[in-house]
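Below, chains carry the letters A, B, ... as their sequence lines are ordered, and counting in each starts from 1.
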Amino acid sequence: MRARALGADFYDRDTEHVARELLGAVLECTVDGVTVRGRIVETEAYVGEHDAACHASVGRTARTEGLFGPPGSAYVYLIYGMYWCANAVTRAEGLASAVLLRAVEPLHGVETMRRRRLARRDVDLTSGPGRLCDAFGITGPRFHGRSFTRGALRIVEGLAVPDAEVAVTPRVGINAKNAAVDWPLRWIVRDSPFVSARRDTRRWLSATR
DNA sequence: TCGCCGATCGGCT
DNA sequence: GCCGATCGGCGAA
């Protein structure tokens, strides 16, 4: 039987809470009749137009329109001309905020992920926003603007991750001159080998112990 | 294991 | 024109 997807009310809350509670939930994507699943182990919050790292900080444009959409919808964009990144839109329609899905632990369909990715090691299949979209078959044309609450791209309930296993860090890839560079808006399952940017993460965690 | 660099393109100035 | 919520390959250590 099909597991229950998180509903729109789950996403219609503060973005930080959604990002924290998405850890442990299960991302599920079906393309051409093939379903892959993974446990979410890393997320980042992009908290609105006042957040200089959030695309919506430039205002409401054709590109950022999706960020203003209903809670639970998918904001999928192309980065560096070649990688897709998938976000779950949070808060009420009209408020531009979202959670970037940065890494998952593969649970089902690993063979499919290997075929799509051509990665040497399994830890490189889904440890990064571009990698997980590649492994899951998530692209803008397929999924941008659709909903994570139903259909071929869903996030379903999983086992909650206790606070002791969670760490919070600044977001990855934010330029040093960005005012929001140090905001602690990245949530990770501390000991998961599938978290991205492992080197920088280890450095940051040991420096703040 | 670390650090550097090029790929590639749409959105915005 | 410029640059990015990235990634993989390369050479050096």
Nearest heavy atoms of A:Leu153 and A:Leu27, plus distance in Å: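 Reported closest heavy-atom pair: CD1-CD1, 4.1 Å.
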Sticking with atom [atom1], work out how far [N] lies from [M], rounded to a whole angstrom.
N      : M     : atom1 : answer
C:dC10 : B:dT8 : P     : 15 Å
B:dG6  : C:dC2 : P     : 16 Å
B:dG3  : C:dA5 : P     : 22 Å

Between [X] and [Y], do the side chains contain an N or O donor and an N or O acceptor separated by less than 3.5 Å?
X        : Y        : value
A:Thr201 : A:Arg186 : yes
A:Arg102 : A:Ser196 : yes
A:Glu105 : A:Ser192 : no

Along DNA chain B, first and last positions that approach a heavy atom of chain A under 4.0 Å: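 Answer, 5' to 3': B:dC2 to B:dC12.
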Pairing of A:Arg117 and A:Asp124 as salt bridge, 4.0 angstrom limit: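 Salt bridge flag = no for A:Asp124 with A:Arg117.
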Base, sugar-phosphate or nothing for [X]? Non-hydrogen atoms, less than 4.0 Å.
X        : answer
A:Ser196 : nothing
A:Arg198 : nothing
A:Arg186 : nothing
A:Arg63  : sugar-phosphate

G-U wobble or Watson-Crick pairing nucleotide for C:dG4 (cut-off 3.5 Å, both distances):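 Per the H-bond distance test, B:dC9.
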Earlier contact from the 5' end, DNA chain C, for A:Asn175 and A:Pro129: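 With A:Pro129 and A:Asn175 compared, the 5'-side residue is A:Asn175.
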A:His144/A:Tyr75 aromatic ring centres below 6.0 Å: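 They qualify: ring centres under 6.0 Å apart.
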